[in-house]
Amino acid sequence: MQIKLRAKKPFSLSSVIHSHGWARLSPFDYDDEKNSLEYTIHLKNGRTVHLQIEETADGVVIKSKSNLGTPEEEEITDSVTWMLALNEEFSEFYELARREPKLQHVEDKAQGRLLRSPTLFEDTVKTILTTNTAWGGTIRMTEAFVNQFGDTLPEDTSRHAFPTPNEIAKTDEETLRNDTRLGYRAPYILQLARDIVSGELDLESMKDIDLPTEDVRKKLLAIKGIGNYAAANLLMLVGHYNYLTIDSWAFKMVSHEFFGGKPISRDEVEQVFEKWGKWKGLAYWLWDWSYPAEQ
DNA sequence: GGTAGACCTGGACGC
DNA sequence: GCGTCCAGGTCTACC
């Protein structure tokens with residue numbers, strides 16, 4: 001099966017893959033040499049299908065060894081369009097970025113799109129797994145979570161789809177804590193899954209870009225385990241860029257870049273990017289920082 | 001509204 | 001090999 005999809009220009013699959021760390025988290029995989037992204041997806045009808053996504057002149061082509069029906073192809077089309085943000089428009093941001101030397105690269109590299117998962121449940125779980133741990137811990141916990149609870153790909157049992165809220169809601173805190181080794185995050189993720197299954201939380205409706213940012217942020221902050229950093233990260237993923245993902249690294253980078261390395265407050269980090277308005281999160285994220293290069 | 005301490009894990013380090 | 005320390009966001013209790 002092959003599905004060709006068009007992307008709004010400019011587009012670069014490589015820039016989406018490397019937009020943040022998601023491509024390194026299961027069930028994503030990627031190959032820089034082939035410039036391809038892989039993902040094992042759980043379809044609504046229960047099938048698990050492996051996808052390989054490659055760049056074309058107009059956008060991407062999705063390849064799969066599975067034979068799929070029309071509804072399945074439509075679901076995959078919708079999912080990949082969302083995951084790669086194929087329809088997102090960044091011309092307004094590029095117009096502003098052209099005037100900033102530290103953002104000169106973004107239009108040439110077609111940066112701005114952030115790789116996301118098919119469901120906000122997956123992105124929320126992964127975001128919780130990035131908090132209060134090193135990146136290696138996030139990779140380990142995500143892999144354990146996917147391998148332990150996700151549906152197996154029939155033709156390759158080493159691959160699994162990301163678990164559904166239903167699959168997680170059936171387990172218990174002790175298993176997530178001691179077997180999956182999610183630590184204190186276990187009750188947060190269990191509660192998240194159970195709230196979705198019970199209908200108390202409609203996470204996927206927050207993907208609607210027309211919802212006011214503040215409303216979405218308030219709902220995200222009400223989820224246990226989601227604080228300022230995690231909410232900002234999830235807001236970026238659903239297309240709201242007016243909050244900064246301020247983590248411990250942000251203080252180092254902003255201090256080094258704008259304050260001569262002296263200790264700075266959260267407000268000072270915010271003030272630096274205030275002029276970028278609704279694009280401030282993206283300006284911060286794509287900034288050509290001098291701090292890491294000089295370390 | 002602001003702050004201190006606890007949460008949990010893995011890696012780095014010293015012995 | 002073992003013990004200790006530390007980094008990493010969020011929550012809760014307290015002021």
Side-chain angles (χ1 to χ4, degrees), chain A residues 19-26 114 116-117 120-149 163 168 171-196 200-201 203 206 213-214 216-238 240-257 261-274 280-281 284-285 287 289 291-292 294-295:
Chain A
S19 56
H20 60 140
W22 257 213
R24 294 172 62 192
L25 298 179
S26 187
L114 301 175
R116 46 197 179 189
S117 309
L120 201 47
F121 171 67
E122 179 175 337
D123 280 338
T124 304
V125 170
K126 285 178 172 172
T127 299
I128 290 173
L129 297 184
T130 65
T131 61
N132 205 20
T133 187
W135 180 240
T138 302
I139 293 174
R140 178 194 59 74
M141 286 188 278
T142 306
E143 192 168 351
F145 186 77
V146 169
N147 289 346
Q148 196 171 344
F149 299 103
I168 299 307
T171 188
D172 55 74
E173 184 181 326
E174 195 187 347
T175 303
L176 289 169
R177 191 184 280 270
N178 301 329
D179 296 350
T180 325
R181 302 193 71 73
L182 303 187
Y184 71 92
R185 302 166 195 82
Y188 300 158
I189 287 170
L190 185 60
Q191 192 59 50
L192 174 69
R194 288 182 174 168
D195 285 349
I196 290 171
E200 196 171 312
L201 176 65
L203 202 51
M206 294 185 209
T213 305
E214 286 308 319
V216 180
R217 183 168 183 267
K218 206 175 285 181
K219 286 177 185 168
L220 289 170
L221 287 171
I223 299 169
K224 282 276 176 66
I226 300 292
N228 286 326
Y229 159 81
N233 189 56
L234 287 166
L235 282 171
M236 290 250 287
L237 289 179
V238 294
H240 301 268
Y241 305 110
N242 34 354
Y243 279 89
L244 300 181
T245 50
I246 301 176
D247 56 9
S248 53
W249 192 245
F251 287 104
K252 292 175 190 168
M253 292 193 294
V254 174
S255 168
H256 184 267
E257 190 94 9
K262 78 173 182 68
I264 54 171
S265 66
R266 178 172 289 272
D267 282 348
E268 285 173 308
V269 176
E270 294 277 357
Q271 281 163 21
V272 167
F273 285 92
E274 206 53 53
K280 65 195 275 196
Y284 160 79
W285 192 251
W287 199 261
W289 297 102
Y291 178 76
E294 292 174 11
Q295 292 308 296

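The figures that follow rest on heavy atoms only: side chains count, while hydrogens, waters and symmetry mates do not. Chain identifiers are assigned alphabetically (A, B, ...) following the order of the sequence lines, protein sequences preceding nucleic acid strands; residue numbering begins at 1 within each chain.
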Checklist entry - How many angstroms lie between atom CG of A:Asp123 and atom CE of A:Met206, to the nearest 0.5 angstrom? => result 13.0 Å
Item to check | From A:Ile189 atom CD1 to A:Met141 atom CE, the distance as rounded to the nearest 0.5 Å | outcome: 8.0 Å
Checklist outcome for this item: What residues 218-231 of chain A contributes to the DNA chain C interface at heavy-atom separation below 4.0 Å is A:Ile223, A:Lys224, A:Gly225, A:Ile226, A:Gly227, A:Asn228, A:Tyr229, A:Ala230
Next on the checklist: Using only atom types and a distance under 3.5 Å, with no angle test, would you say the side chain of A:Arg24 pairs donor to acceptor with the backbone of A:Gly21?
Outcome noted: no
Checklist entry - Is there a donor-acceptor pair under 3.5 Å between the side chain of A:Ser255 and the backbone N or O of A:Pro263? => result no
Produce the list of close N/O pairs, under 3.5 Å, pairing protein atoms with atoms of nucleotides 7-14 of chain B; give distances to one decimal.
from	atom 1	to	atom 2	distance (Å)
B:dC8	OP1	A:Arg177	NH1	2.1
B:dT9	O3'	A:Arg140	NH2	3.4
B:dG10	OP1	A:Arg140	NE	3.2

Checklist outcome for this item: Of A:Tyr188 and A:Lys252, the one whose closest nucleotide on DNA chain C sits nearer the 5' end is A:Lys252
Checklist outcome for this item: Paired with A:Thr171, the side chain to side chain contact (heavy atoms under 4.5 Å, CB included) test is passed by just one of A:Asp179, A:Leu176, A:Thr180, namely A:Leu176
Extract all donor-acceptor atom pairs below 3.5 Å that involve side chains of residues 228-236 of chain A and protein atoms in other chains or at least two apart in sequence.
from	atom 1	to	atom 2	distance (Å)
A:Asn228	OD1	A:Arg217	NH2	3.0
A:Asn233	ND2	A:Thr127	OG1	3.1

Item to check | Partners passing side-chain contact (heavy atoms from CB on, under 4.5 Å) against A:Lys218 (at least two apart in sequence or in another chain) | outcome: none
Checklist entry - Do the charged groups of A:Glu122 and A:Arg116 touch, with an N to O distance under 4.0 Å? => result no
Item to check | Within 6.0 Å of NZ in A:Lys280, more than 12 heavy atoms from elsewhere | outcome: yes
Checklist entry - Under a criterion of less than 4.0 angstrom to any heavy atom of chain A, what are the 5'-terminal and 3'-terminal contacting nucleotides of DNA chain C? => result C:dG8 to C:dT12
Checklist outcome for this item: Applying salt bridge (Lys or Arg N to Asp or Glu O under 4.0 Å) to A:Lys219 and not counting sequence neighbours gives none
